[in-house]
Q: 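Before we start, here is the structure in question, set down as structure tokens.
To find a chain, count down the sequence lines: A is the first, B the second, and so on, and within it residues start at 1.
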Amino acid sequence: MTVRLPDGSVREVPRGRTVGEILQAWRPEESATYLAAILDGVAVDLDRRVEAGAALSPLTFEDRAGRDILQHSAAHLVAKALTEIIPEAKPTHGPPTDEGFFYDFEVRPLTPEDLEEMRRVINRTARAGDRFQRREISRAEAEEMFATNPHKLRYIHEAPEGETVSVYSTGDFVDLCRGPHVPDTHWLEGVHVLGFSAVQSTEGSGAPPIQRVRGVGFPTRAKLDAYLKMRKEAEARDHRAVGAKLQLFTFFEESPGFPVWLPNGMIVVRELERFVTEHLHESGYSEVRTPLLFDVSVYQTSGHWEHYRENMFLTTSEDRTFGWKPMNCPGSMMIFRSRARSYRELPLRLAEFAPLHRNEASGTLHGMTRVREFVQDDAHLFVSEDQIEQEIRVLLEWVRSAFTTFHLEWSYELSTRPATYLGDQETWDRAEATLEKVLKESGVQYRVSPGEGAFYGPKIDIHIRDSIGRPWQTGTIQLDYQQPIRFALEYQGADGKMHAPVVIHRTILGSWERFLGVLLEHCNGRLPPWLCPVQVRILPVADRHVELARGLLEELRASHLRVEVSDTLETLPKRVREAEVDRVPYIAVVGDQEIGDGTVSLRIRGAKGSASFSRPEFIDRVSRRVRERAFEP
RNA sequence: GCCACCGUAGCUCAGUUUGGCAGAGCGGCUGAUUCGUAAUCAGCAGGUCGAGGGUUCAAGUCCCUCCGGUGGCUCCA
């Protein structure tokens with residue numbers, strides 16, 4: 001029989017050879033990295049026998065499919081370990097995830113001791129090198145084998161008619177599984193259990209409690225160690241720690257989820273705001289401010305009462321119930337409605353940076369990235385349908401410009417019509433096509449999430465990754481055909497008739513809170529100079545240089561820079577260290593030498609050592625970098 | 001909101017296993033040092049051990065309730 005390989009070559013091999021044997025003969029030097037293979041489009045084990053001519057290609061850990069196979073095998077290893085420790089545990093399922101894998105069990109609540117024990121058993125078992133052995137069995141046999149495990153029985157019953165039921169055994173552990181798997185547990189020596197947690201059952205309150213064990217797998221111990229090191233690094237960069245260290249923000253126990261901006265943080269927020277506001281003024285926006293509280297009838301009109309009430313804070317006064325606004329849109333709708341509108345006013349772009357309150361469930365709060373009160377760089381664009389395309393195009397250009405400023409890489413996600421939607425299908429199709437067209441033009445990577453759109457219109461979400469690869473959603477651009485109708489918005493067209501505008505809800509950075517959280521992790525607290533609370537710190541070498549330092553401070557202040565003098569009686573090395581720890585971008589040292597020749601010894605963050613600058617050169621350099629909003633000093 | 005874990009000085013943490021005097025480093029204050037690019041030396045102050053209740057001769061330590069945080073889950077117009 002003939003086997004076709006990925007390089008296009010064709011090999012004649014005897015019938016019944018295993019996939020692994022064929023691949024090893026093809027590329028002996030690389031075959032150690034093969035953990036499974038694709039046989040005629042189907043992922044299979046390396047010990048699968050090939051009985052007829054076929055196309056064959058190997059899978060390694062570097063392939064997403066190969067990586068998933070290893071994660072899934074790691075999940076089996078976890079199940080083997082846990083059932084060894086707690087024999088009555090009932091495994092349910094253990095799929096790969098973006099990060100690694102998990103395995104869900106019906107079992108008593110786990111303890112940290114269980115976790116330690118599990119790690120020990122996993123290490124031991126991995127080293128034992130048991131093979132993953134596939135066996136295809138009848139349904140009846142499977143039902144008997146898993147008679148005590150209702151979850152597995154359900155999977156057996158749910159499997160499509162005609163599908164082969166297979167089990168994999170590893171040592172004495174047998175699990176119902178489609179496969180494929182890595183050849184043996186030596187492949188799993190880089191498996192680590194990260195933690196466990198309860199999983200909210202989707203089957204209602206009567207269902208037994210499920211515990212999820214999460215982990216991650218690598219083909220070697222060294223790769224695992226590198227990953228764990230990266231995670232540790234990520235912890236050190238955590239914006240909650242960095243924000244506290246730099247005195248940017250904090251929280252009061254009495255106001256859980258409500259950020260407290262400290263003086264340093266307030267400077268950063270104001271600079272971000274200024275950055276965005278400058279753009280708005282150049283782009284034909286008007287700024288508005290609408291109330292924080294509305295009578296609930298407004299939310300009944302907007303649809304929030306129906307769809308968002310659980311997340312709203314309410315308050316009463318004189319027998320009226322008011323809701324704290326969770327979004328700015330109702331206020332903008334009411335401004336549009338407040339007088340007669342003409343097509344000549346469109347696009348009408350109303351921006352509003354107001355505090356929004358959302359009563360997020362306590363368990364979902366997370367530092368600055370998930371809070372109950374925040375301010376978005378929000379705006380609502382009232383447009384006619386033929387203006388949508390151009391407006392979106394301008395928005396994507398602003399996204400490019402903004403995220404480039406912060407050295408952040410972004411991608412888009414286009415979410416399309418969900419199962420239940422308002423409006424007619426034609427309008428949806430047209431809107432989706434417009435969004436996709438503009439996305440294509442932008443040249444930026446995007447993916448489509450079918451059915452994930454809001455019920456009132458399709459949307460484009462903006463995702464950024466921090467420097468260690470974790471994804472975050474920040475901005476969103478949403479088309480809305482419904483709220484204008486609910487608020488009975490209309491404008492008089494050139495044809496003299498009344499028309500409903502389309503509204504584009506859009507926020508680009510997302511919120512100051514989340515954006516700054518991600519930015520802090522991205523740059524590890526080394527904010528670009530234009531955002532830094534202190535841009536220049538001047539260190540006089542000794543007491544007699546303080547006057548000189550103050551003179552320089554005045555000069556820099558006159559150039560609108562944020563400067564301070566460090567004149568404590570600490571030693572110079574100590575004060576240099578403090579400035580470095582505070583991430584100050586420019587550290588200027590002045591002493592006898594500088595008095596003599598009118599220079600400044602400048603230490604630029606990120607560069608090694610210091611350099612001598614004349615005072616005008618120094619001031620010019622710093623103000624230019626700040627004015628240009630350069631990312632690095 | 002659900003499950004688990006955590007909460008000791010401003011910060012980072014030891015002490016909790018096995019109940020028996022409240023500890024360290026950094027930071028702060030005071031003094032000495034007048035210093036050339038990531039930590040000079042000495043002294044002092046700083047605590048309702050998250051809050052409340054219980055067990056005990058005795059609770060930071062054991063038990064219960066609550067609050068807050070963390071990791072997941074759910075949610076995320």
Q: Counting side-chain heavy atoms from CB outward, which of C73(B), A38(B), C35(B) is closest to Arg577(A)?
A: A38(B)
Q: From the list G69(B), G1(B), U37(B), which nucleotide is the closest neighbour of the side chain of Pro256(A)?
A: G69(B)
Q: Side-chain donor or acceptor of Arg575(A) under 3.5 Å from a matching atom on the base of C35(B)?
A: no
Q: From C-beta outward on Pro573(A), which listed nucleotide comes closest to its side chain: G1(B), U70(B), A39(B)?
A: A39(B)
Q: Please determine whether a side-chain nitrogen of the Lys or Arg among Asp567(A) and Arg575(A) lies less than 4.0 Å from a carboxylate oxygen of the Asp or Glu.
A: no
Q: Between Phe251(A) and Glu580(A), which has a closest nucleotide on RNA chain B that is more 5'?
A: Glu580(A)
Q: Is there a side-chain polar atom (N or O) of Thr571(A) under 4.0 Å from OP1 or OP2 of C35(B)?
A: no
Q: Tell me: CG of Leu262(A) to C1' of G10(B), nearest whole Å?
A: 13 Å
Q: Taking atom P in both C67(B) and G52(B), what distance in whole Å separates the two?
A: 15 Å
Q: Picking from C67(B), U37(B), G36(B), which would you name as closest to the side chain of Val576(A)?
A: U37(B)
Q: Taking the six-membered ring of Phe102(A) (Phe, Tyr or Trp), confirm whether the NZ or CZ of Arg212(A) is under 6.0 Å from its centre and within 45° of its axis.
A: yes
Q: Could you tell me if the side chain of Arg514(A) sits less than 4.5 Å from the side chain of Arg370(A), heavy atoms only?
A: yes
Q: Side-chain N or O of Arg544(A) less than 4.0 angstrom from OP1 or OP2 on C35(B)?
A: yes
Q: Take atom CZ of Arg370(A) and atom C1' of G1(B), then tell me their distance rounded to the nearest Å.
A: 12 Å
Q: Quick one: Leu110(A) CG to G72(B) C1', roughly how many Å, whole number?
A: 13 Å
Q: If you only use heavy atoms from C-beta on, which nucleotide in A39(B), G36(B), G1(B) is closest to the side chain of Leu572(A)?
A: G36(B)
Q: What is the distance from CD of Glu310(A) to P of C75(B), rounded to the nearest Å?
A: 12 Å
Q: Considering every strand and a 4.0 Å limit on heavy-atom distances, what is the contact class for Gly195(A): base, sugar-phosphate, or nothing?
A: nothing
Q: Can you tell me how far P of G69(B) sits from CD of Glu254(A), to the nearest Å?
A: 11 Å
Q: Does a nitrogen or oxygen in the side chain of Arg603(A) sit under 4.0 Å from OP1 or OP2 of A38(B)?
A: yes
Q: Could you tell me whether the side chain of Glu578(A) has a donor or acceptor atom within less than 3.5 Å of a complementary atom in the base of G27(B)?
A: no
Q: Mind checking if Asp480(A) touches a base, just sugar-phosphate, or nothing, with heavy atoms under 4.0 Å?
A: nothing
Q: Need the pair for G27(B). Rule: Watson-Crick or G-U wobble, both distances under 3.5 Å, any strand; none if unpaired.
A: none
Q: What is the pairing partner of G20(B), taking Watson-Crick or G-U wobble pairs with both distances under 3.5 Å in any strand?
A: C57(B)
Q: May I have the distance from Glu253(A) (atom CD) to G50(B) (atom P), rounded to whole angstrom?
A: 11 Å
Q: As an exercise, state the distance from CG of Leu516(A) to CE of Met368(A), rounded to the nearest 0.5 Å.
A: 7.0 Å
Q: Measure from the side chain of Ser362(A), starting at C-beta and using heavy atoms only, and say which of G1(B), U37(B), U34(B) lies closest.
A: G1(B)
Q: How long is the span from the CZ atom in Phe101(A) to the CG atom in Leu77(A), to the nearest 0.5 Å?
A: 7.5 Å
Q: Which atom pair, heavy atoms only, marks the closest approach of Val383(A) to Pro347(A)?
A: CG1-CB, 3.7 Å
Q: Does the side chain of Arg214(A) get closer than 4.0 angstrom to OP1 or OP2 of C73(B) through an N or O atom?
A: no
Q: Tell me the interatomic distance from Arg605(A), atom CZ, to A38(B), atom C1', rounded to whole angstroms.
A: 15 Å
Q: Select one nucleotide: of C35(B), U37(B), G69(B), the one nearest the side-chain heavy atoms of Ser601(A).
A: U37(B)
Q: Considering only the C1' atoms, how many Å lie between A22(B) and G46(B), rounded to the nearest integer?
A: 13 Å
Q: For a quick check of understanding: with a heavy-atom distance under 4.0 Å over all strands, which category does Gly367(A) fall into, base, sugar-phosphate or nothing?
A: sugar-phosphate
Q: Within the structure shown, what part of the strands sits under 4.0 Å from Gln593(A) by heavy-atom distance: base, sugar-phosphate, or nothing?
A: base
Q: Please report the distance separating the C1' of U30(B) from the corresponding atom of A45(B), rounded so that it comes out in whole Å.
A: 10 Å
Q: In whole angstrom, give me the gap between the P atoms of U61(B) and U18(B).
A: 15 Å
Q: Closest approach to the side chain of His366(A), judged atom by atom: which nucleotide of G71(B), U34(B), A38(B) is it?
A: G71(B)
Q: Say we look at C41(B) and C35(B): how far apart would their C1' atoms be, to the nearest angstrom?
A: 13 Å
Q: OP1 or OP2 of G27(B) less than 4.0 angstrom from a side-chain nitrogen or oxygen of Lys574(A), does that happen here?
A: yes
Q: For the pair Glu235(A) and Lys232(A), find out whether any cationic side-chain nitrogen is under 4.0 Å from an anionic carboxylate oxygen.
A: no
Q: Base, sugar-phosphate, or nothing for Leu569(A), non-hydrogen atoms under 4.0 angstrom?
A: base
Q: With a 4.0 Å cut-off on heavy atoms, is Arg240(A) in touch with a base, just the backbone sugar-phosphate, or nothing at all?
A: sugar-phosphate
Q: With heavy atoms under 4.0 Å as the rule, sort Gln483(A) into base, sugar-phosphate or nothing.
A: nothing
Q: Does Glu570(A) pair with Arg577(A) as a salt bridge, N-O distance under 4.0 Å?
A: no
Q: Between C1' on C2(B) and CD on Gln211(A), what's the gap in Å once rounded to a whole number?
A: 11 Å
